[in-house]
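Residue indices begin at 1 and follow the sequence shown.
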Amino acid sequence: MSAADTTTPAKVPPPRQAPPPAAPDTPRRPRAKGAAGTPWLLLAPCLLVLAVVMGYPLVRLVTLSFQKFGQSQLWGFQPAESTGFANFTKVLSDGEFWQVVLRTIVFAAGSVIFTMVLGMLIALLLQRVSGWVRTLINIALVASWGMPVIVATTVFKWLFDSDYGILNALLSKLPGVDLIGHNWFASGPQGLAVIMLLVVWGAVPFVVITLSAGLTQVPKELEEAARLDGAGAWGVFRYVTLPILKPIIVMLTTLSVIWDMGVFPQVFVMRNGHPEAEFQLLTTYSYDRAFVVNDYGQGSAIALITVVLLLGVVAVYMRQMLKIGEVE
C-alpha cells in the first residue's frame with residue numbers, strides 16, 4: 001500500500017453562496033390629508049356635548065359671580081348690574097364662609113381617610129377567603145354601590161331616627177347604654193358624623209373593587225421572599241404591597257377628595273331640604289345663598305371659589321394619570 005493510498009483526502013469547503021439581492025425600498029405610502037383630522041372629527045360630537053352641558057353653565061356661573069343678580073333680575077324687572085369683585089370681597093370677608101370651608105375640609109378629609117382605610121382592610125381580607133365567599137361579598141358591594149343616593153340617605157335617616165331608629169334600640173341593649181329617643185342630629189358634629197358614615201358606606205365598594213384588582217398584580221414571589229427574609233405581615237404590606245399599589249391609592253384618594261368635597265344630596269335630604277348653619281358645607285352653602293337668600297351673584301361666587309379649590313385636586317389627579325400613561 002502506497003503512501004498515496006493511506007493519505008486522507010482534504011475536505012473541500014462548499015462554494016460560498018452569494019447573498020440574496022437586497023429588496024428594493026418600498027416607497028412609503030403618503031399619509032392621507034384628512035388622517036390628522038380624523039380623531040378630532042370622531043371626538044367632535046363628544047366635545048360638542050361637553051361644551052353644551054358643562055361649558056355654558058360654567059361660563060354662566062362666571063358671569064353671574066361678577067354681577068348683582070337677584071329676583072328682580074331673574075324675572076326681568078331690572079337689568080343685571082356688573083359689580084366687579086364685590087361678590088368675592090363680600091364672601092371672602094365673611095367669617096361664616098371660612099367656617100364652612102373649614103367644616104368642608106374636615107368632613108372631606110375624615111370621609112376620605114375612613115374610606116381608604118376601610119376599603120384597604122376589606123380588600124386585603126378578600127384575598128384570604130374562599131372563592132364563593134369573595135363572590136358573595138363582591139355582589140353585595142356592587143349592590144350597595146348601585147343603590148341611588150336618595151334611597152341610601154332615606155335608609156340611613158330611618159336607621160338613626162330618634163323615635164323609631166333601630167340603631168338606638170340595638171345600642172340600648174348594651175350594658176349601661178341608654179339611647180332610646182336620642183337625637184343624633186341635635187348637634188352638628190354628631191349629625192355630620194352620621195352623614196360621613198353614609199358617604200363612606202357609599203364610597204367603600206368602589207375602593208374595595210379597585211384595590212382588589214390591584215392586589216392581583218402583586219407578585220406572590222416577592223411576598224414569599226419578604227417572608228423568608230423575616231418580614232411579618234406588616235412588613236410585607238409596607239415594603240411590597242404598598243409600593244405596588246401606590247399609583248392606585250393616589251388616584252383613589254384624589255377622586256375621593258373630589259367626590260367628598262362635592263357632597264350635596266346626603267346633607268340636603270338628611271336635613272329635609274333645610275340644612276342648619278352647623279350642617280352647611282360649601283355645596284349646600286352656595287345653594288342656600290343662591291336659592292334661599294335669592295342672591296344668585298353671591299351664590300355663584302361661592303360655587304366658583306369651590307371650583308377653583310377643586311381644580312388643585314384635579315391637577316394632582318391629572319398628573320398621576322399622565323405618570324401612569326408614561327410608565328405604560
Side-chain angles (χ1 to χ4, degrees), residues 31-67 69 73-76 80 82 87-88 104 108 111-112 115 141-153 199 202-203 205-207 209-210 213 247-248 250-269 273 281-291 296-328:
R31 191 173 182 179
K33 294 182 179 180
T38 301
W40 292 103
L41 182 62
L42 296 175
L43 287 173
C46 179
L47 295 176
L48 180 62
V49 172
L50 288 176
V52 174
V53 175
M54 299 181 63
Y56 174 76
L58 184 59
V59 172
R60 186 61 175 161
L61 178 69
V62 175
T63 304
L64 286 176
S65 63
F66 291 96
Q67 293 179 344
F69 201 95
Q73 289 77 15
L74 179 64
W75 294 105
S82 178
N87 290 326
F88 294 95
T104 304
S111 301
V112 171
T115 299
L141 290 172
V142 173
S144 63
W145 187 28
M147 182 179 295
V149 177
I150 302 300
V151 177
T153 305
V199 173
F206 176 74
V207 174
I209 294 172
T210 307
I248 299 178
V250 171
M251 286 192 300
L252 287 175
T253 303
T254 307
L255 289 175
S256 297
V257 171
I258 296 173
W259 294 335
D260 294 344
M261 287 281 289
V263 166
F264 177 82
Q266 293 89 334
V267 181
F268 191 80
V269 175
L281 302 179
L282 278 173
T283 51
T284 58
Y285 188 64
S286 173
Y287 175 88
D288 185 77
R289 289 293 175 181
F291 298 101
Y296 301 100
Q298 189 175 353
S300 300
I302 297 172
L304 188 59
I305 293 173
T306 306
V307 171
V308 172
L309 291 176
L310 290 178
L311 282 179
V313 184
V314 173
V316 175
Y317 173 71
M318 295 303 299
R319 180 183 178 187
Q320 295 300 322
M321 291 294 293
L322 292 175
K323 283 185 177 180
I324 294 177
E326 292 175 358
V327 171
E328 293 178 352

**Q.** Parallel, tilted or perpendicular: rings of F206 and W145 (30°, 60°)
**A.** tilted
(Q) Rounded at 0.5 Å granularity, tell me how far CG in L310 sits from CD1 in I305. (A) 12.0 Å
Q | Side-chain (T283) to main-chain (G262) donor-acceptor, under 3.5 angstrom | A | no
Q: Verify side-chain contact (heavy atoms from CB on, under 4.5 Å) between L282 and L309, making sure each step is shown before the conclusion.
A: CA-CA 11 Å; L282 278 173; L309 291 176; 4.2 Å; yes
Q: Could you point out which residue of V49, L48, L50 forms a side-chain contact (heavy atoms from CB on, under 4.5 Å) with C46?
A: L50
Q: Output yes when a side-chain donor or acceptor of S300 lies under 3.5 Å from a complementary backbone atom of Y296, and no otherwise.
A: yes
Q) Under the side-chain contact (heavy atoms from CB on, under 4.5 Å) criterion, do L304 and F88 qualify, and how do the steps go? A) CA-CA 9 Å; L304 188 59; F88 294 95; 3.6 Å; yes
Q) What is the minimum heavy-atom distance between A303 and L61, and which atoms define it? A) CB-CD1, 3.8 Å
Q: Give the intermediate values and the outcome of side-chain contact (heavy atoms from CB on, under 4.5 Å) for residues L47 and W40.
A: CA-CA 9 Å; L47 295 176; W40 292 103; 4.3 Å; yes
Q: Report the C-alpha separation of I209 and V142 in whole Å, then their side-chain angles, then the decisive distance to 0.1 Å, and conclude whether the side-chain contact (heavy atoms from CB on, under 4.5 Å) test is met.
A: CA-CA 9 Å; I209 294 172; V142 173; 3.8 Å; yes
(Q) Could you check whether any side-chain N or O of T284 sits under 3.5 Å from a backbone N or O of L281, counting only pairs where one atom can act as donor and the other as acceptor? (A) yes
Q: Grab the two heavy atoms, one from Q67 and one from N87, that are nearest each other, plus how far apart they are.
A: O-ND2, 2.9 Å
(Q) Can a donor-acceptor pair be found, under 3.5 Å and without considering hydrogens, that links the side chain of S65 to the backbone of G297? (A) no
(Q) Return the CZ to OG1 distance between F268 and T153, rounded to the nearest 0.5 Å. (A) 12.0 Å
Q) What's the spacing between D260 CG and L255 CG if we round to 0.5 Å? A) 10.5 Å
Q. Can you say whether the rings of F291 and Y287 are parallel (under 30°), tilted (30 to 60°) or perpendicular (over 60°)?
A. tilted
